[in-house]
Amino acid sequence: MTDIDESVAATAGDTERYDMLIDGQWRTAADRATFDSINPFDGRAWAQVPLASTADVDDAVAAARRAFDDGPWSQSSPLQRATLLRKFGDLIRDNADELARIQVLENGKLIREVAGQTVALANHCYFFAGVAESPTGETLASSVPNMQVYTVREPIGVVAAITPWNSPLALLLWKLCPALAAGNTLVIKPSEVTPVSTLVLARLAQQAGFPDGVINVVTGAGPTGAALAAHPDVDKIAFTGSTAVGKKIAVTAAERLARVSLELGGKSPNIVFPDADLPNTVNGVIAGIFAASGQTCMAGSRVLVHRDIYDEFSKAFADKTAQIRLGNPLDPDTEMGTIASRSQFEKVLHYIEVAKEDGARLATGGARPTDPELSRGLFVQPTVFTHVTNDMRIAREEVFGPVAVVIAFADEDEAVRIANDTSFGLAAGVWTRDVARAHRMVKRLRAGSVWVNNYRKTNYVAPFGGFKESGLGRENGFHAIDEYTEVKTVWIDTGNTITDPFNPRA
Ligand code: NAI
Ligand code: MG
């Protein structure tokens with residue numbers, strides 16, 4: 001272990017023990033209950049974390065409430081918040097190797113993907129440090145005589161951030177940075193699959209100097225998240241995860257009209273036209289679905305291919321997919337890691353069977369790998385199904401694993417119709433050399449992000465979020481601040497004489 005988590009972790013046998021952060025204190029659960037973090041590559045329970053009960057959630061929310069209402073945080077200046085965010089970014093950069101390694105132990109993602117992503121999180125902090133000091137209100141050109149009218153943006157209050165396991169730190173920072181820049185306090189509930197990376201990140205935030213109670217972390221599974229979302233003192237819930245849980249959270253939030261932003265699932269179309277640069281496109285489509293073993297909300301899981309190139313493209317796609325090297329995710333030469341958890345692994349294998357039963361044609365993959373060295377890991381071969389129609393379950397439901405389906409289309413209109421024929425609307429890709437067609441497609445696709453001749457790019461400057469059942473609200477960029485602030489409108493009279501409205505001549 002490096003110096004960053006010595007005070008968070010203690011070792012019991014070969015299992016590391018971690019505490020959670022409430023009001024600046026590292027604590028066990030009140031009833032001392034714990035659960036394990038399992039490494040999906042070797043099946044080992046490598047870490048133990050507190051299982052927070054409703055009492056622990058109450059403590060964490062109370063701490064966040066005090067820090068918001070009474071603490072120094074509510075009086076902090078934009079410069080103070082920006083300075084803390086910059087320090088936090090520096091600490092993330094300096095400890096990126098350790099943060100990356102822990103995420104790989106938790107979810108089996110490739111070190112070569114996670115390492116770069118983790119260093120880049122520092123830039124996220126630096127950007128939102130700048131945002132903390134950027135103007136947020138507007139002066140209105142009101143025609144009301146003798147009135148100065150302006151708006152200010154104020155923090156919402158206590159934010160619950162409930163996060164998933166696929167990119168535990170990135171998807172947390174998408175919430176944490178704008179929430180802090182705007183002056184909110186937080187209670188974070190990381191996924192039960194990836195609790196440790198969030199605890200270690202919280203240690204860095206504490207080192208950066210955020211006051212006690214501004215950032216709290218409770219670890220636990222669905223019930224802990226549900227208790228947090230239902231807490232009457234939580235003013236806003238920011239959630240990334242499944243559409244099913246996102247809908248439950250929206251219902252819970254509606255009871256008290258808590259603010260809510262949701263980043264949910266997808267079944268994103270990646271559309272290949274015959275005029276595309278084919279070698280480039282094959283590589284882009286492969287990265288779009290198989291990066292992170294397909295466990296991303298924006299995975300390009302429906303590959304729509306023009307029928308003139310359907311056979312040629314499908315063959316090139318399947319051949320290259322069959323060469324992807326599975327292995328230890330900590331080995332920099334490995335090209336695809338494991339599925340993150342046993343339940344997710346079973347879900348992926350189940351969907352492969354559903355696809356076969358529905359008549360999809362298996363072009364490659366479709367099973368666990370046979371290599372004995374991989375037998376203890378939750379590996380699924382990268383899988384391509386061809387001759388899929390958009391009404392099959394494998395084309396309609398999110399798998400969240402390394403499974404691509406290839407669907408044929410005849411022309412632009414049909415491509416648009418199939419692409420938009422989904423309950424989701426997170427992302428879409430278009431591969432073409434025809435610039436006019438690219439613009440037409442961008443306009444017609446119902447999705448929160450559209451990539452042309454690339455796929456799966458995100459950046460802290462660029463808003464990200466979903467149409468339809470892929471979510472509510474936008475993360476990243478200046479739009480993110482809207483999700484963590486209320487607008488206050490201020491009217492200043494600059495010289496009206498106020499007559500008695502009931503007796504104007506008096
Ligand atoms: P999930 O939606 O159950 O979990 C996400 C987070 O919500 C976790 O922190 C979890 O503990 C928490 N949670 C679960 N039930 C809750 C409740 N009733 N109230 C409040 N919080 C609750 O996702 P899970 O079970 O990890 O994965 C299931 C499927 O969800 C995946 O197969 C995938 O399709 C989708 N998913 C989508 C993600 C995305 O990036 N949009 C990320 C993770 C999963
Ligand atoms: Mg779940």
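First listed ligand is number 1; within each ligand, the first listed atom is number 1. Any value given below was found using the heavy atoms of this structure, including those in side chains, with hydrogens, waters and symmetry copies removed. None of these values were measured; they are calculated from a predicted model.
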What protein heavy atom is closest to atom 38 (C) of ligand 1, reported as residue, atom name and distance in Å?
-> Phe400 CZ, 3.4 Å

Quick one: look up the protein heavy atom nearest atom 14 (C) of ligand 1 and list residue, atom name and how far away it is.
-> Gly222 CA, 3.5 Å

Any atoms of ligand 1 less than 4.0 Å from a non-hydrogen atom of Pro164? List them with their elements.
-> 42 (C), 43 (C)

Polar contact flag, side-chain donor to acceptor under 3.5 angstrom, Ser341-Trp165 = no

among protein heavy atoms, the one nearest atom 27 (O) of ligand 1 is Trp165 NE1, 3.9 Å

Ion pair present between Asp331 and Arg112, side-chain N to carboxylate O less than 4.0 angstrom?
-> no

Electrostatic pair Glu483-Arg259, nearest N-O below 4.0 angstrom | no

Are any of the N/O atoms in Lys248 less than 3.5 Å from those in ligand 1?
-> no

Candidate with minimal heavy-atom separation from atom 37 (C) of ligand 1, of Ala160, Gly241, Gly266, Gly401 = Gly241

Identify whether the distance between the nearest side-chain nitrogen and carboxylate oxygen of Glu475 and Lys175 falls below 4.0 Å.
-> yes

So, Lys267 versus Ser423: side-chain donor-acceptor pair below 3.5 Å or not?
-> no

Are any of the N/O atoms in Lys347 less than 3.5 Å from those in ligand 1?
-> yes

Pick one of side chain, backbone, both or neither for how Leu264 approaches ligand 1, counting any non-hydrogen atom pair under 4.0 Å.
-> backbone

With heavy atoms only and a cut-off of under 4.0 Å, state how Gln295 meets ligand 1: side chain, backbone, both or neither.
-> neither

Considering heavy atoms of the protein only, find what lies nearest to atom 34 (O) of ligand 1 and give residue, atom and distance to 0.1 Å.
-> Glu398 OE1, 2.7 Å

Pick from Lys267, Gln344, Glu397: the one approaching atom 31 (C) of ligand 1 most closely through a non-hydrogen atom = Gln344

Test of proximity, Ala229 against ligand 1: N or O pairs below 3.5 Å = no

Would a 4.0 Å cut-off, counted as strictly less than, catch a protein heavy atom around atom 11 (O) of ligand 1?
-> yes

Is Arg325 salt-bridged to Asp371, going by a charged N under 4.0 Å from an acidic O?
-> no

Do any N/O atoms on Val245 end up under 3.5 angstrom from N/O atoms on ligand 1?
-> no

Just to confirm, does any protein heavy atom lie below 4.0 Å from atom 4 (O) of ligand 1?
-> no

Ligand 1 to Gly225, heavy atom cutoff 4.0 Å, flagged ligand atoms 19 (N), 20 (C), 21 (N)

Strictly by modelled atom types, are Glu16 and Tyr18 linked by a side-chain donor-acceptor pair under 3.5 Å?
-> yes

Asp482/Arg474 ion pair, N-O < 4.0 Å | no

Provide, to 0.1 Å, the distance between atom 39 (C) of ligand 1 and the closest protein heavy atom, together with that atom's residue and name.
-> Cys297 CB, 3.5 Å

In terms of side-chain heavy atoms, does Gln206 have a donor or acceptor partner in Trp26 at a distance below 3.5 Å?
-> yes

Atom 8 (C) of ligand 1: nearest protein contact (heavy atom, Å) = Thr163 O, 3.4 Å

Name the closest protein heavy atom to atom 7 (O) of ligand 1, giving the residue it belongs to and the distance to 0.1 Å.
-> Phe239 CE1, 3.2 Å

Do Ser197 and Glu106 meet the criterion of a side-chain donor-acceptor pair at a distance under 3.5 Å?
-> yes

Do Tyr484 and Phe128 make the cut of ring centroids closer than 6.0 angstrom?
-> no

Identify the closest protein heavy atom to atom 1 (P) of ligand 1: which residue and atom is it, and at what distance?
-> Ser242 OG, 3.6 Å

Just by distance, with hydrogens left out, do Lys320 and Asn283 show a side-chain donor and acceptor under 3.5 Å apart?
-> yes

